[in-house]
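So you know, we letter chains A, B, ... as the sequences are listed, proteins then strands, and number each from 1. All values reported here derive from a predicted model rather than from experimental measurement.
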Amino acid sequence: MNTQINIAGVTFKNPVTVGSGTFGSGMEYSEFVNLNRLGAVTTKGVANIPWPGNPTPRVTEVYGGMLNAIGLQNPGIDVFCERDLKFLEDYDTKVIVNVCGKSVQDYVDVVERLSDEKRVDLLEINVSCPNVKEGAIAFGQKADALFGITSELKKHAKQPIIMKLSPNVTDITEMARAAEAAGADALSLINTLTGMKIDINRRTFALANKTGGMSGPAIKPIAVRMVYQTAQAVKIPIIGMGGIATAEDAIEFILAGATGVSVGAANFVDPYATIKVIEGIEEYMRKYNVENITDLIGAVH
Amino acid sequence: MNTQINIAGVTFKNPVTVGSGTFGSGMEYSEFVNLNRLGAVTTKGVANIPWPGNPTPRVTEVYGGMLNAIGLQNPGIDVFCERDLKFLEDYDTKVIVNVCGKSVQDYVDVVERLSDEKRVDLLEINVSCPNVKEGAIAFGQKADALFGITSELKKHAKQPIIMKLSPNVTDITEMARAAEAAGADALSLINTLTGMKIDINRRTFALANKTGGMSGPAIKPIAVRMVYQTAQAVKIPIIGMGGIATAEDAIEFILAGATGVSVGAANFVDPYATIKVIEGIEEYMRKYNVENITDLIGAVH
Amino acid sequence: MKKKTLATVISQKEIAPGIFDMWLKTEIAAEAGAGQFIGVFSPDKSTILPRPISICEVDKAQSAIRLVYRIAGKGTAEFSKSVAGDTLEVLGVLGNGYDLEALQGKTVMLMGGGIGIPPMLELAKELFMQNEKLTAEGKAECKSEIIVVVGYRDAQTFLKEDLEKYGRVVIASEDGSVGTKGNVMNAVAEEGLKADAICSCGPMPMLRAIKKYAEEAGIPAFISLEEHMACGVGACLGCVVKTKEIDHHSHVNNARICTDGPVFLAADVEI
Amino acid sequence: MKKKTLATVISQKEIAPGIFDMWLKTEIAAEAGAGQFIGVFSPDKSTILPRPISICEVDKAQSAIRLVYRIAGKGTAEFSKSVAGDTLEVLGVLGNGYDLEALQGKTVMLMGGGIGIPPMLELAKELFMQNEKLTAEGKAECKSEIIVVVGYRDAQTFLKEDLEKYGRVVIASEDGSVGTKGNVMNAVAEEGLKADAICSCGPMPMLRAIKKYAEEAGIPAFISLEEHMACGVGACLGCVVKTKEIDHHSHVNNARICTDGPVFLAADVEI
């Protein structure tokens, strides 16, 4: 049984990674799971300089999910390289660094700073965070802007780049095609859906930021649909995510066309979720005599 | 305590109506609820001619919700007028007729046919059903197309028209503004989100149509966000919907800016849901000494 | 009148692997009959829709309904954990059921396959009671002759003893461990069974075979259909079946299984 | 080591309107201490995140943790229905807790307001036990003097008897039905209380008043903060509080309440 997958020339021992921002850089969850078992660790978004993020409340629960408006708080690329990448040196897993910024130059700065970092296998470009006011999301909601930033980053990046797409668009395939045309090596989707919750007793927004990104099991059908549509539209590999909590969920994404899968908010619900997903995929492969996991990618169409 | 609201000159005894397609024309649910208590009955979409709808399976459950791909099966406007409108003559509630079509002319035909029907108080124009292949959804996902059909229908409609918006767009406010600019009297949102479910054991789509419209509590945060954004963008009234199952949900939409609210898939979960929502709104008003429900509309901003 | 109400679990046990036998105390029992079904809600709120489950037996004196069902997903798995004293929300009674009068004076084959067997029990019981009533009324010639033909996967012959109380029971099993090896049609052939009418519930391939058999034999077959449902009361148009003739509700040859059915004359539907 | 594990409800009762007192049997108890909390998961899957609940009492001999919590929403409402023998998933032990050594030789006011009272019980108990240990070790001069000041809404003085086992208990109530009318600060003034250190948990306005009071009095106040959380283990950055100095984790003056806290020196945080 072979669970290996390949994303842009990088071989993962299995398709399972984590949603950026739900797993830190692995430190906190290393108390619960053996990081060596993961296909890859995807780190919390990092910018060229430290970002303070949004005011609290930053998180709230909704039916079958949650909203967050962390606002990409991060300590900046210098601390990240010294601390987080150093921490990950001890582990035998691929590292996907999620990169955020407010301007093209911000992204370029981070990408260039990371170009010599041996511990970085892939870059995931976050152009779809709904919680940052200054521009970033615009790259993820307009095809021409997405094309522009993707082609610019391709000029500077040493590692393959994964463009992380926003689901808050009319046509996900238009965005996917633009990223592919601009040279993206892979896509990841979906980022969170923009949502809102109002506290009817206090008559206030539940989040200080008013809106937040929705994640959790509730959004899975939308994510599966977008992964499927995208898989029909482009040839580059897809890392599927959005509500994956179980192996069954992960397999659903793979059958829909995802090469890799990310466990996101489910880490908060069950810190062992990633391992359970990995083991459950293996169990499914045994049950149905699937020799290579790649045989399942896009098998339903 | 006054629960009356006004949509385009039509006074509802309370803000509560039902999501089109979740309540037939009220016949089936009249066995469970007294239709006279509803602010309005919104009927299942009707076209100029009978539509057979999609093959089965047409519905499937997802976490905190469901997907449907009925495909707007309907007996056509003639049967609808003779049977459904006649049935509603016996009830003291407003009637919103949901109109669907595949071309502008289809919609015009229905709107004109209904212009002399005294029992019809408002028309809701369904340009956002994700389950019909031929064009209809295009009107709901492109601002210029939405503007076009809205202004055309305004020329023919005797009753006020409510444009029902699709959430499967990048910017709901752009669509809302286009409808308002074209003369729409009101808006209703959100229609269902396009989703997909794959049966991993059979390796097939759960729905014959592959994709379906997602409804249920799971989608509420997205709907509340869109209602809020739309309320900030236009002056015409909004009927809010998307995951409303309880009075608390309904009040959340009203506080976000909705004048009316629709109970949709929740009717399937609890056939008494509409009445419970009405009673719960009254209870909330008593608890917080709200004299007029209109004082709550858009009160959180 | 249909209602959504709280039922109390009287008992529940697993009678075959993954197949549960639950008695519910509920006012709905008063109106329940053979071929009808109820919607059972899962206590877990992540699964919101009612599960349509056919009625296996009704005890009107005790206001009780018996459901024998297979775990098919999250919802059924959830309420299979309920024990005596627990409550479950139910919606019902739903569907049309079998027309017993139409079966008077006939030899009727009740054909159930797999999880389609349970509704055959209440039907057998009601036909048996109709027979007793007819005899008491001096109309013994109107009695139905009851032959139950049931197809199991293996030797797990759940409900067999219950069925035997009401008529002759002929068994088929896929693995041949009990009765005829094969399906119910194989059993009919092997036993040389003949009937004036068929009532049936089971998987679609079986129902198709029965429809064909009945057409060739020139006898009516009343078949109970299954489809994914949302409302269960005829409003959502989720569970339709193509009909031969234009029906009065849809006008597009789509009968609603939940309300126009689940029992249809096989000749009327395209399956 | 933190873990997610299955705990068994030993007992649960409502001790004041909407306030529940639950003992859980769980291995997590072995590492649990005053000021820490655990995440409790609702059995209903429509609410997915753990509810952070502060530890009211620990019984290491019995591997038991006591939680006294208020129903604040769907999740807490759901697990308030659990009865003895039921199981609940829990995550823990979480947070830093109070530093007992830092309180040695001091007069310590333990100030709890409303649902901030429960963690003061385990703290009072641990200080009391530290005192006993110090006495046994011949270091009686290092004992802490324990004054518990608790503010209730009304005469529902939950946990009062438990607290009285470990020190002097001074009470305030908003409606004046018990003790000083007003809040804990009113009680401090009315009783003329003085302390060398404060440990506190309660609503934000109370914590702000205590921070100000402690600054003016030149004494340390250790306050326990609350914020909406998702992961509870420091990964999601949902529950942050602004800190005076740049912290080593965030580098943007945002300490994580779940892991860097929930107990902070009031002078270190901007609230």
Next item on the list: Might you point out which heavy atoms bring C:Ala235 and B:Phe23 nearest each other, and give the distance in Å?
Entry: CB-C, 4.2 Å
Note to self: Rounded at 0.5 Å granularity, tell me how far NZ in C:Lys74 sits from CD in B:Glu61.
What the structure shows: 7.0 Å
Item checked: Shortest non-hydrogen contact from C:Ser250 toward B:Gln73 -> CB-NE2, 3.2 Å
Item checked: Residue B:Phe32 versus chain C: region with a heavy atom under 4.5 Å -> side chain
Next item on the list: Report the distance from atom CE of B:Met66 to atom SG of C:Cys231, rounding to the nearest 0.5 Å.
Entry: 8.5 Å
Next item on the list: Give a yes or no answer on whether the side chain of C:Asn254 reaches the backbone of B:Pro52 with a donor-acceptor pair at less than 3.5 Å.
Entry: yes
Notebook entry, point to check: Do you know which of C:Thr259, C:Leu91, C:Leu49 has the most heavy-atom pairs under 4.5 Å to chain B?
Noted result: C:Leu49
Margin query: Return the OG1 to CG distance between B:Thr56 and C:Leu237, rounded to the nearest 0.5 Å.
Written below: 12.5 Å
Note to self: On a heavy-atom basis, which atom in B:Phe268 and which in C:Pro50 lie closest, and how many Å separate them?
What the structure shows: O-CD, 3.7 Å
Note to self: Which one wins on heavy-atom pair count under 4.5 Å against chain C: B:Gly24, B:Ser25, B:Gly64?
What the structure shows: B:Gly64
Next item on the list: Enter the distance from C:Lys2:NZ to B:Glu28:CD here, rounded to the nearest 0.5 Å.
Entry: 7.5 Å
Next item on the list: Taking atom CD of C:Glu270 as the centre, report whether more than 12 heavy atoms of other residues, nucleotides or ligands fall under 6.0 Å from it.
Entry: yes
Note to self: More than 12 heavy atoms of other residues, nucleotides or ligands under 6.0 Å from CD of C:Glu215: yes or no?
What the structure shows: yes
Check: When you look at NZ of B:Lys86, are more than 12 heavy atoms from neighbouring residues, nucleotides or ligands closer to it than 6.0 Å?
Finding: no
Next item on the list: Go through B:Gly65, B:Gly53, B:Gly216 and name the one with the most non-hydrogen pairs under 4.5 angstrom from chain C.
Entry: B:Gly65
Check: Which atoms form the tightest heavy-atom contact between C:Lys4 and B:Tyr272, and what is the distance?
Finding: N-OH, 3.0 Å
Notebook entry, point to check: Does any heavy atom of chain C fall under 4.5 Å from the side chain of B:Pro55, the backbone, both, or neither of them?
Noted result: neither
Next item on the list: Check whether more than 12 heavy atoms from other residues, nucleotides or ligands sit under 6.0 Å from atom CD of C:Glu245, and answer yes or no.
Entry: no
Checklist line | Rounded distance (nearest 0.5 Å) linking atom CG of B:Leu67 with atom NE2 of C:His228 | finding: 11.5 Å
Next item on the list: Using non-hydrogen atoms and a 4.5 Å limit, figure out which bit of B:Val269 sits close to chain C: side chain, backbone, both or neither.
Entry: both
Margin query: Within the supplied structure, the quantity of interest is the number of heavy atoms (other residues, nucleotides, ligands) at a distance under 6.0 Å from C:Glu226 CD; does it exceed 12?
Written below: no
Notebook entry, point to check: So which part of B:Asp270 gets closer than 4.5 Å to some heavy atom of chain C, the side chain, the backbone, both or neither?
Noted result: both
Margin query: Within the 4.5 Å heavy-atom criterion, are B:Tyr29 and C:Val233 side-chain neighbours or not?
Written below: yes
Margin query: Counting C-beta onward and ignoring hydrogens, is there a side-chain heavy-atom pair between C:Lys45 and B:Pro217 closer than 4.5 Å?
Written below: no
Notebook entry, point to check: Can you tell me how far CD of B:Glu31 sits from CE of C:Met1, rounded to the nearest 0.5 angstrom?
Noted result: 6.5 Å
Check: Within a reach of under 6.0 Å around CZ of B:Arg203, are more than 12 heavy atoms found that belong to other residues, nucleotides or ligands?
Finding: yes
Item checked: Minimum side-chain heavy-atom gap C:His249-B:Arg83 below 4.5 Å -> yes
Note to self: With a sphere of 6.0 Å drawn around NZ of C:Lys60, does it hold more than 12 non-hydrogen atoms of other residues, nucleotides or ligands?
What the structure shows: yes
